[in-house]
Protein chains: 2
Amino acid sequence: MGIVERRERMKKQLRADILKTAKDIAREESWAAVSIRKIADVIEYSPPMLYEYFDNKDKILETIRNDGFAALHEELQKLKTLYRSPEKLLTEFAQIQWRFALEQTEVFQVMFNIDGANCLSKQVYQAEFAKLNTHPVWEALAQIRPRSADAVSKTFYEWWCLTYGFLLISIVTQPRPQLPNLEPIFMESVRRFVRGLS
Amino acid sequence: MGIVERRERMKKQLRADILKTAKDIAREESWAAVSIRKIADVIEYSPPMLYEYFDNKDKILETIRNDGFAALHEELQKLKTLYRSPEKLLTEFAQIQWRFALEQTEVFQVMFNIDGANCLSKQVYQAEFAKLNTHPVWEALAQIRPRSADAVSKTFYEWWCLTYGFLLISIVTQPRPQLPNLEPIFMESVRRFVRGLS
DNA sequence: GTAGAATATTTAACACTGTAAAGTGTTCCA
DNA sequence: TGGAACACTTTACAGTGTTAAATATTCTAC
C-alpha cells in the first residue's frame, strides 16, 4: 500500500518545486517576471496544474513569505539555546537577518512586498506582533531593561523597524556604489541600539 | 499668437492629470490596480494617447517617484531657512517625512517600490547619495558632530535607514488605521538618534 | 483481464495587461 | 482651398491570472 504514500510524496515534491521555481525566476529576473505560465514551463506541467497546489498566485507568495518568517524564527530559537546573554542574542540575530536578506533576497522581497513582489495576504505581520511576550527578541529586550509589557513592546517595534527597515532600504536602493560595505554600518547601528537599552 | 501657448498649457495639464489619476487609483485601490487603460478611461482619452506624454508605464511611476523626492527636498530647504539648530532641523524633517508618508502614502509606495508599486528606474537613489555634502541633513549631521566626510556619510546613511526604514515597515506591515499610533514611537527613535550623535 | 470509477492533466477560453502600427480625423498655414 | 502637421482612435499582438470542459491516466472491483 505504498502507492498513496508515493503519490503523497510526489505531490509534496511538486509543491516544493513550484515554490523553488518561483524563487529561482525571481532571483534571476525579478518578481515582476514571475508568472504562472513560466513556472509551469519549468516544472513541465500545464499552467492550470498549479491550481491543484495553490488557490492562486497570491497564495504562492504567501507561502514563501510565511516560510521566510518561519525560517528566521527557527534561527532565533537556535540562538536562544546558544547564548545566555540577551545582548549577544540580539546582535547575533541581527547578523543572521543580514545574511538572510543578502543570501535570500528574493524571499526577503516577498516578506516585505518590495521590488515587484506583491502579496496581499498580510496576516503574518499580525502574527508576528501577537503573543509578543514569548518572542525571543521581546524576552531579550525585557531582560535587558525590565519594564511594563507595553514599554517592551514599543522597544520591540523599534527593533523591528531598525533591523528590517535598514535591510529594506539597503535592498531597495541597491545598487549604490558610494557606500560599498553596508554590513558594518548596519551592525554598528544595531550595537548602538542594544547599548542604548540599558 | 496665444494658440501654441494654450496648447502647451493643455498638454501640461493633461500630463498632470495622468499623474494625478494614477495616484488616485493607487490610493483608492492599490498600485497593482493602476493600468494604462484605467487612467485613459478617467481622463477620457484612448490608452495610446498616454504614450504621447510618457514613454511607458514605468516612466509615469518614475516621475511620481522623482516628484516625491523633490517635494521632500523642497520642504527640507524651507526648514533650513527656518531653523538654525541642526538638531531641530533633523527632528522637524523627520516629522515632515512622517506626515508625507501618512498623507501621500501612494507616493511613498512608489518612492520605495513597496506594496505593488514597481518602478524599475532607480537612479534617483544614486542622485540622493551624490553630492552628499550639500544635502541639508548631511550638513546638519556634520554640524552636530564634525568628522571626516566619510564618517558623516555613514551617519547620513544610518539616518536615511532609520527614518525611511521605519516608515516603510510601518506602511507595509500595518493596516492603515493603526499607523497614527506609531508616530510617537517614530519620533522618539529619531530624537534618541539625534541625541546620540553628540 | 476488462469495465467503470476516480484521479491526474491538458486544451481552450475569458477578461485583463502594456504597447506598437496603422488609420482617421482635426487644425493650421501657404 | 490644398496639403502638411498635429491630435487622437482603432486595431492588433503577445503576455497575464484563472476557470470550465475535455481528455488521458491510474486504480478498483468483478
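Letters A, B, ... mirror the listed sequences (proteins, then strands); counts begin at 1.
- Although no hydrogens or angles enter the test, the distance criterion places no donor-acceptor pair under 3.5 Å between the side chain of A/Asp17 and the main chain of A/Ile43.
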Contacts under 3.5 Å, N or O only, protein and nucleotides 9-15 of chain D:
residue, atom, partner, partner atom, Å
D/dT9, OP2, B/Ser46, N, 2.9
D/dT9, OP2, B/Ser46, OG, 2.9

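- Note: A/Tyr157 and A/Phe129 have tilted aromatic rings, judged against thresholds of 30 and 60 degrees for the angle between ring planes.
- Judged by distance alone, the side chain of B/Arg145 and the main-chain N or O of B/Ser198 form no donor-acceptor pair under 3.5 Å.
- Residues from residues 52-63 of chain A lying near DNA chain C, meaning a heavy-atom separation below 4.0 Å, are A/Glu52 in numerical order.
- In this structure, B/Ile36 places its CD1 atom 15 Å from C1' of D/dT16, rounding to the nearest Å.
- Salt bridge annotation for B/Arg192-A/Glu158: present, with a cationic side-chain nitrogen under 4.0 angstrom from a carboxylate oxygen.
- Relative to the ring axis of B/Tyr83, B/Lys88 places its NZ or CZ within 45° and under 6.0 Å from the centre.
- Only one option out of A/Trp160, A/Phe186, A/Phe193 pairs with A/Phe166 in a ring-ring contact (aromatic ring centres under 6.0 Å, His included); it is A/Phe186.
- Checking A/Glu183 against A/Gln95 by side-chain atom types alone, a donor-acceptor pair falls below 3.5 Å.
- Contact check on A/Asp115 versus B/Lys122 returns a salt bridge, with a Lys/Arg side-chain nitrogen under 4.0 Å from an Asp/Glu carboxylate oxygen.
- In this structure, A/Met10 atom CE and C/dT7 atom C1' are separated by 14 Å, rounded to whole Å.
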Evaluate the salt bridge (charged side-chain N to carboxylate O under 4.0 Å, His left out) criterion for residues A/Glu106 and A/Arg27: first the C-alpha distance (whole Å), next the side-chain angles of each, then the deciding distance (0.1 Å), finally the verdict. CA-CA 6 Å; A/Glu106 74 281 355; A/Arg27 171 173 280 265; 3.1 Å; yes
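- In this structure, OH of A/Tyr51 is placed 18 Å from P of C/dA12, rounded to the nearest angstrom.
- For the pair A/Leu50 CG and C/dT9 P, the computed distance is 12 Å after rounding to whole Å.
- Using a 4.0 Å cutoff on non-hydrogen atoms, no part of residues 106-121 of chain B comes near DNA chain D.
- The aromatic rings of B/Tyr164 and B/Phe112 sit tilted relative to each other, their planes meeting at an angle between 30° and 60°.
- When the C1' atom of D/dC6 is taken as reference, atom CG of B/Leu14 falls 15 Å away, rounded to whole Å.
- Between A/Glu139 and A/Lys80, at least one side-chain nitrogen of the basic residue sits less than 4.0 Å from a carboxylate oxygen of the acidic one, meeting the salt-bridge criterion.
- Look at CG on B/Asp41: it is 12 Å from P on C/dG18, rounded to the nearest Å.
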